[in-house]
Amino acid sequence: MNLFAEIRALIVQSLHDMAEAGELPAGLDTAAVAVEPPRDKGHGEAASNAAMVLAKPAGLSPRAIAEKLAARLAQDARITQADVAGPGFLNLTLAPSAWQGVVRAALVMGADFGRSTTGQGRRVNVEFVSANPTGPMHVGHVRGAVVGDALSNLLAFAGWQVTREYYINDGGAQVDVLARSAYERYREAHGLDPEISEGLYPGDYLIPVGEALKARFGDSLLDKGEQYWLAEVREIATDLMMTEIKGDLAALGVKMDVYSSEKALYGTGQIEAAIKTLRDMDLIYEGVLEPPKGKEPDDWEPRVQTLFRSTAHGDDVDRPVQKSDGSWTYFAPDIAYHFNKVQRGFDELIDIFGADHGGYVKRMKAAVSALSNGRVPLDIKLVNLVKLYKNGEPFKMSKRAGTFVTLRDVVSQAGAEVTRFMMLTRKNDVPLDFDFAKVLEQSKDNPVFYVQYANARIGSVMRKSTESGMAVDDASLAKADLSLLTHPAEIDLMQKIAEWPRLVDIAARGNEPHRVAFYLYELASEFHGLWNRGNDEPSLRFVQAGNTATALAKVALVRATGVAISAGLAILGVTPVDEMR
RNA sequence: GCACCCGUAGCUCAGCUGGAUAGAGCGCUGCCCUCCGAAGGCAGAGGUCAGGGGUUCGAAUCCCUUCGGGUGCGCCA
């Protein structure tokens, strides 16, 4: 039920009819024809560019096409007026019944209102978080987790088959550092002074790991060289850290479908196979890279490396996949991992990275492009910094070494749901300010509160209606005489509700979950506005005396608003509240 | 030096695979609050969409270029 899509279909059909009637050349491409809510109220209720985009290929003037198109459209029951304006815009005014139909659709469809099939059941893999398993999640990870999760919800709602995936970076040197750090805590557990030297992880969160190691090994690892314990301690420590991270994610309300391990790629031939696949395409060669201009490292020496010809797929320079000692660079297992995702049959891949990984985007896209023969698009969303504040002052945790603002800190102070909503009030690629005081403020400045307050008012209307003896379940409301809702202010709210299915498609097309948050704010604003008008115009109040047809219709509108708010909040992963406390 | 991201009202930011007179919140000015929940409401002022050039019927949006801010640039992931 996307009214704008229906009107667009009507226009495309009319264009087809015009071609049959000889008024237009046959076989015109209508892909660029759009129908959208006009910004300006003076331009009708739905506007189309159809005549303008077809004018050139048809060899006709836009206004001539628009005139004939308008005449045909005016025949349709849903359209009460079709005007040609400006250079050839088609401005349509719709019958109130068309908007009222949206209210009924929302009531009938409930939580599925706005659900789309544009994904056509295609499979998309969303990889996000992928924090190193060397400690608890910190604030920097939170935004990526929320964006990835909300995007996954959005795509699922738009008809995609979504896999949420976490790539565990457990194959590099950082997990050796973790093991050595944990070993010091193990020594500490035996009453020895830990030697947390430079480069080790100093965080207190490893103390319990030391205890766990003591419980497991007793004193058998003390005074032994790391060749005796490194591998085992590494595995135990990374497992414990992953348990910690999974708990962090759960606290935020994020649940992954798949955890993939980098380490598991080693020794199985997967990396070698992926590299060989590229080599067979003549995309792997031995060569020497030029030093970066203007920022030459002091110790630069030309050296022969195994390189991936990523420039053949849009990168700026070729990238090394092997270190000079023959071991793989971090890029090699990443290539193998993405090859694995391609081989699992996904139709699209999405990676959510921190903005500091921006330099990694082109080579990863190049690798996926090469390994899938251009079949599988990879979209990489860069998530920018979160700056923490409290009452406008930069927020810092203790400067003591090893402490940082963790995900748990954020969730315990702001709550998971508020955090999720606030993290989506910016586009992913711009920095975001997060003020612990403001996000809990109960005022219009706070979008979470503003949207929830709208829903609470809706809950209030529903309660009052029930108390007055009305049957306000969705099935009863769907039978209400919605033709009684004709006031322009009510039509405005219905139009905003009608935008929801369209917004889902737009947001999903661009992989932009933040649009949902902005839409909810607009919808809440429209609802509050109508509520407030009821102060001056009693006929616009939602709660009307008596169990009349008018009362029922108004409650139906209120409930439809609630349906749209709930659907949007569900994508953000936020539970709507029926009451403010 | 190169690449990527960003630059929109005093501030923080939206802005739909290009669409009409560029929007919201805060702040500012004025008016209003016995009323379904005022946890406020209504109205107004405020813009060279960083600058310049190009493509187009039409550009905040696409291309080129300059400036400013951020991020990154071979054996860290």
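Chain A is the first sequence line, chain B the second, and so forth, proteins listed ahead of strands; every chain is numbered from 1.
A straight line from CG of A:Asn91 to P of B:A20 spans 11 Å, rounded to a whole angstrom. For A:Asp536 and B:C36, the CG to C1' distance is 13 Å, given to the nearest whole Å. Following rounding to the nearest Å, A:Arg541 (CZ) and B:G41 (P) show an atom-to-atom distance of 17 Å. Rounded to whole angstrom, the span from the NE2 atom of A:His43 across to the C1' atom of B:A22 amounts to 13 Å. The NZ atom of A:Lys464 sits 7 Å away from the C1' atom of B:C36 (whole-angstrom rounding). If you measure from atom CG of A:Leu557 to atom C1' of B:C36, you get 14 Å, rounded to the nearest angstrom. To the nearest angstrom, P of B:C5 lies 11 Å from NZ of A:Lys381. Rounded to whole Å, the distance from CG on A:Asp429 to P on B:C6 is 5 Å.
The P atoms of B:U71 and B:C64 are separated by 24 Å, rounded to the nearest whole Å. Between the C1' atoms of B:G46 and B:C11, the separation comes to 13 Å (whole Å). Across the C1' atoms, B:C42 and B:C35 are found 15 Å apart, a figure rounded to whole Å. Taking the P atom of each, B:G30 and B:U8 are spaced 29 Å apart, rounded to whole Å. Atom C1' of B:G47 sits at a distance of 9 Å from the matching atom of B:A22, rounded to the whole Å. B:A60 and B:A20: their C1' atoms are spaced 15 Å apart (whole Å). Taking the P atom of each, B:G58 and B:C75 are spaced 49 Å apart, rounded to whole Å. For the P atoms, the distance from B:G70 to B:C16 is 27 Å, rounded to whole Å.
Between A:Asp347 and A:Pro377, the closest heavy-atom pair is O-CD, 3.3 Å.
Under the 30°/60° scheme for interplanar angles, the aromatic rings of A:His357 and A:Phe353 are found to be tilted. Relative orientation of the A:Tyr167 and A:Tyr337 rings is parallel, given thresholds of 30° and 60° on the angle between their planes. Ring orientation note: the planes of A:His141 and A:His138 are tilted relative to one another, at an angle of 30° to 60°.
Between A:Leu388 and A:Glu393, every side-chain heavy-atom pair lies at or beyond the 4.5 Å cut-off.
With a cut-off of 3.5 Å on both Watson-Crick or G-U wobble distances, the partner of B:U34 is given as none. With a cut-off of 3.5 Å on both pairing distances, the Watson-Crick or G-U wobble partner of B:G10 is B:C26. With a 3.5 Å ceiling on both atom-pair distances, the Watson-Crick or G-U wobble partner of B:C2 is B:G72.
Every pair tested for side-chain hydrogen bond (donor to acceptor under 3.5 Å, both in side chains) that includes a residue from residues 46-65 of chain A fails, sequence neighbours excluded, so the list is empty. Residue pairs satisfying the salt bridge (Lys or Arg N to Asp or Glu O under 4.0 Å) criterion with at least one member in residues 516-533 of chain A, sequence neighbours excluded, are listed as follows: A:Lys496-A:Glu522, A:Arg533-A:Glu537.
Within the 6.0 Å centre-distance limit, the rings of A:Phe527 and A:Phe542 are counted as a close aromatic pair. Ring centers of A:Phe128 and A:Tyr166: at least 6.0 Å apart, outside the cut-off.
At a threshold of 4.0 angstrom between heavy atoms, the contacts of A:Ala507 with the nucleic acid are absent. No contact: A:Ala456 has no heavy atom under 4.0 Å from any strand. Residue contacts for A:Val53: at a heavy-atom cut-off of 4.0 Å it reaches a base atom on one of the strands shown. Residue A:Asn535 is classed as a base contact, given a heavy-atom separation below 4.0 Å to a base.
A side-chain contact (heavy atoms from CB on, under 4.5 Å) with A:Asn169 is found for exactly one of A:Val175, A:Asn132, A:Thr134, namely A:Asn132. Tested against A:Phe395, the residues A:Phe436, A:Tyr389, A:Phe434 include a single ring-ring contact (aromatic ring centres under 6.0 Å, His included) partner, A:Phe436.
With RNA chain B read from its 5' end, the first of the two nearest nucleotides for A:Lys56 and A:Tyr450 is the one closest to A:Tyr450.
Listed for the A:Asn455 side chain is a donor-acceptor partner under 3.5 Å among the backbone atoms of A:Val577.
An aromatic stacking contact between A:Phe89 and the base of B:G19 is absent, as defined here by ring centres under 5.5 Å apart and ring planes under 30° from parallel.
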Base-contact (B) and sugar-phosphate-only (S) positions in nucleotides 65-77 of chain B, heavy-atom cut-off under 4.0 Å, - elsewhere: ------SSBBB-B

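Every residue meeting the salt bridge (Lys or Arg N to Asp or Glu O under 4.0 Å) condition with A:Asp492, not counting sequence neighbours, appears here in chain and number order: A:Lys41.
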Can you tabulate the close N/O pairs, meaning under 3.5 Å, that link protein atoms to atoms of nucleotides 11-17 of chain B?
| unit_1 | atom_1 | unit_2 | atom_2 | d |
| --- | --- | --- | --- | --- |
| B:U12 | O2' | A:Arg426 | NH2 | 2.9 |
| B:C13 | O5' | A:Arg426 | NE | 3.3 |
| B:C13 | O2' | A:Arg426 | NH1 | 3.4 |
| B:A14 | OP1 | A:Lys427 | N | 3.0 |
| B:G15 | OP1 | A:His514 | NE2 | 3.0 |
| B:G15 | OP2 | A:Lys427 | NZ | 3.4 |
| B:C16 | O2 | A:Arg502 | NH1 | 2.8 |
| B:C16 | O2 | A:Arg502 | NH2 | 2.7 |

Could you list, one pair per line, each protein nitrogen or oxygen that sits under 3.5 Å from a nitrogen or oxygen of nucleotides 24-26 of chain B, together with the distance?
none

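Using a 4.0 Å cut-off, some side-chain N or O of A:Trp531 falls inside it from OP1 or OP2 of B:A38.
The A:Lys362 side chain lies nearest to B:C4 when the options are B:C4, B:G19, B:A20.
Environment of CD in A:Glu301: sparse, with no more than 12 heavy atoms of neighbouring residues, nucleotides or ligands closer than 6.0 Å.
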